Amino acid sequence: MSRVSIERVALSTERVAAEVRRPGAGAIVVFEGTVRDVNDGRAVTLLEYEAYEAMALAEMQRIVEELEREIPDARLAAAHRIGSLHVGDVAVVCAASAPHRGEAFHACRALIDRIKERVPIWKREHGPDGAYWVGWEDARCSPDHGHGHHHD
């Protein structure tokens with residue numbers, strides 16, 4: 001059963017947590033990633049997330065399965081939102097259950113860290129200075145594009 005999703009509507013933290021709830025779990029840890037109003041010193045007014053959904057879902061599922069092998073008593077679930085999000089909106093929800101809180105915290109932290117590292121979801125921030133892709137600063141074009149002529 002897949003406990004991962006990519007959604008274009010508001011995420012339900014309760015639904016994601018319910019996917020890991022079970023009688024043997026003494027702890028459920030939930031992480032919500034939300035859109036903040038500042039990133040790297042720049043004001044943020046809107047975020048856009050884009051994904052190659054089939055690839056993103058497959059990688060999220062792979063991460064859940066590998067963490068459940070690494071932490072045998074953990075059960076994990078995650079949902080990521082794509083589309084346009086405003087400041088305060090929930091962008092990602094991760095949930096982990098385990099018999100004890102230590103494993104649940106560890107599993108939830110590892111889940112969000114691996115999602116951010118490996119899942120092909122791209123983020124574009126909008127602010128007073130315009131819009132820019134996050135994590136693609138090296139790919140930005142300067143006015144002369146470094147190829148000998150200037151575009152106006």
Side-chain angles (χ1 to χ4, degrees), residues 1-140:
M1 179 183 121
S2 177
R3 285 177 255 121
V4 299
S5 64
I6 303 283
E7 302 180 32
R8 294 180 184 278
V9 296
L11 300 178
S12 167
T13 300
E14 292 77 19
R15 183 190 57 75
V16 178
E19 293 181 20
V20 302
R21 188 174 302 280
R22 59 202 161 110
I28 296 175
V29 173
V30 176
F31 169 81
E32 284 186 347
T34 59
V35 178
R36 63 178 180 263
D37 63 355
V38 174
N39 187 34
D40 287 335
R42 293 184 284 215
V44 175
T45 56
L46 181 78
L47 266 185
E48 290 177 77
Y49 284 100
E50 292 187 16
Y52 177 19
E53 291 184 50
M55 186 182 290
L57 280 170
E59 189 61 21
M60 287 172 71
Q61 184 63 39
R62 210 174 351 262
I63 292 167
V64 163
E65 291 169 4
E66 87 188 17
L67 284 170
E68 288 180 348
R69 282 191 306 274
E70 290 175 25
I71 309 166
D73 291 329
R75 180 180 291 173
L76 297 149
H80 205 297
R81 187 156 169 211
I82 58 173
S84 296
L85 284 74
H86 297 279
V87 172
D89 286 348
V90 177
V92 61
V93 177
C94 295
S97 69
H100 305 285
R101 67 181 179 275
E103 293 91 352
F105 274 112
H106 172 64
C108 193
R109 175 66 187 256
L111 179 57
I112 186 58
D113 287 348
R114 291 184 194 183
I115 286 172
K116 289 186 67 83
E117 289 169 9
R118 294 175 22 197
V119 175
I121 294 175
W122 300 279
K123 182 166 67 170
R124 188 173 190 203
E125 292 181 348
H126 294 256
D129 301 332
Y132 51 92
W133 291 99
V134 175
W136 293 93
E137 285 79 6
D138 293 345
R140 280 194 216 168

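Nothing here was measured: the structure is a model prediction, and the numbers come from that model.
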With salt bridge (charged side-chain N to carboxylate O under 4.0 Å, His left out) as the test, would you mind laying out the steps for Arg3 and Glu68 before giving the verdict?
CA-CA 12 Å; Arg3 285 177 255 121; Glu68 288 180 348; 2.7 Å; yes
Side-chain touch [X]/[Y], heavy atoms, less than 4.5 angstrom:
X      : Y      : result
His100 : Glu103 : yes
Val92  : Phe31  : yes
His126 : Leu47  : no
Leu85  : Leu46  : no
Ser97  : Arg21  : no
Lys123 : Tyr132 : no
Ile63  : Val119 : yes

For the atom pair CD1 (Ile115) and CD1 (Ile121), what is the distance rounded to the nearest 0.5 Å?
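CD1 of Ile121 is found 7.5 Å from CD1 of Ile115.
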Enter the distance from Glu117:CD to Ile112:CD1 here, rounded to the nearest 0.5 Å.
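The CD1 atom of Ile112 is 10.0 Å from CD of Glu117, to the nearest 0.5 Å.
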Do we see a donor-acceptor contact under 3.5 Å between the side chains of Tyr49 and Arg124?
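Arg124 and Tyr49 do not have a side-chain donor-acceptor pair below 3.5 Å.
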Can you find a side-chain donor-acceptor pair between Glu32 and Thr13 that sits under 3.5 Å?
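Yes, side-chain donor-acceptor contact under 3.5 Å.
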Checking the side chain of Arg22 only, and the main-chain atoms of Gly24 only, is there a donor and an acceptor separated by less than 3.5 Å?
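Absent.
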So does [X] pair up with [Y], basic N to acidic O under 4.0 Å?
X      : Y     : result
Arg114 : Glu70 : yes
Arg8   : Glu53 : yes
Arg118 : Glu59 : yes

If you compare all heavy atoms of Cys108 against all heavy atoms of Leu76, which two are closest, and at what distance to 0.1 Å?
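Minimum heavy-atom contact is N-CD2, 4.5 Å.
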Kindly give the heavy-atom pair with the smallest separation between Leu11 and Ala79, and that separation in Å.
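So the minimum-distance heavy-atom pair works out to CD1-O, 3.7 Å.
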Going through the checks in order, is the salt bridge (charged side-chain N to carboxylate O under 4.0 Å, His left out) test met by Arg15 and Glu19?
CA-CA 7 Å; Arg15 183 190 57 75; Glu19 293 181 20; 2.3 Å; yes
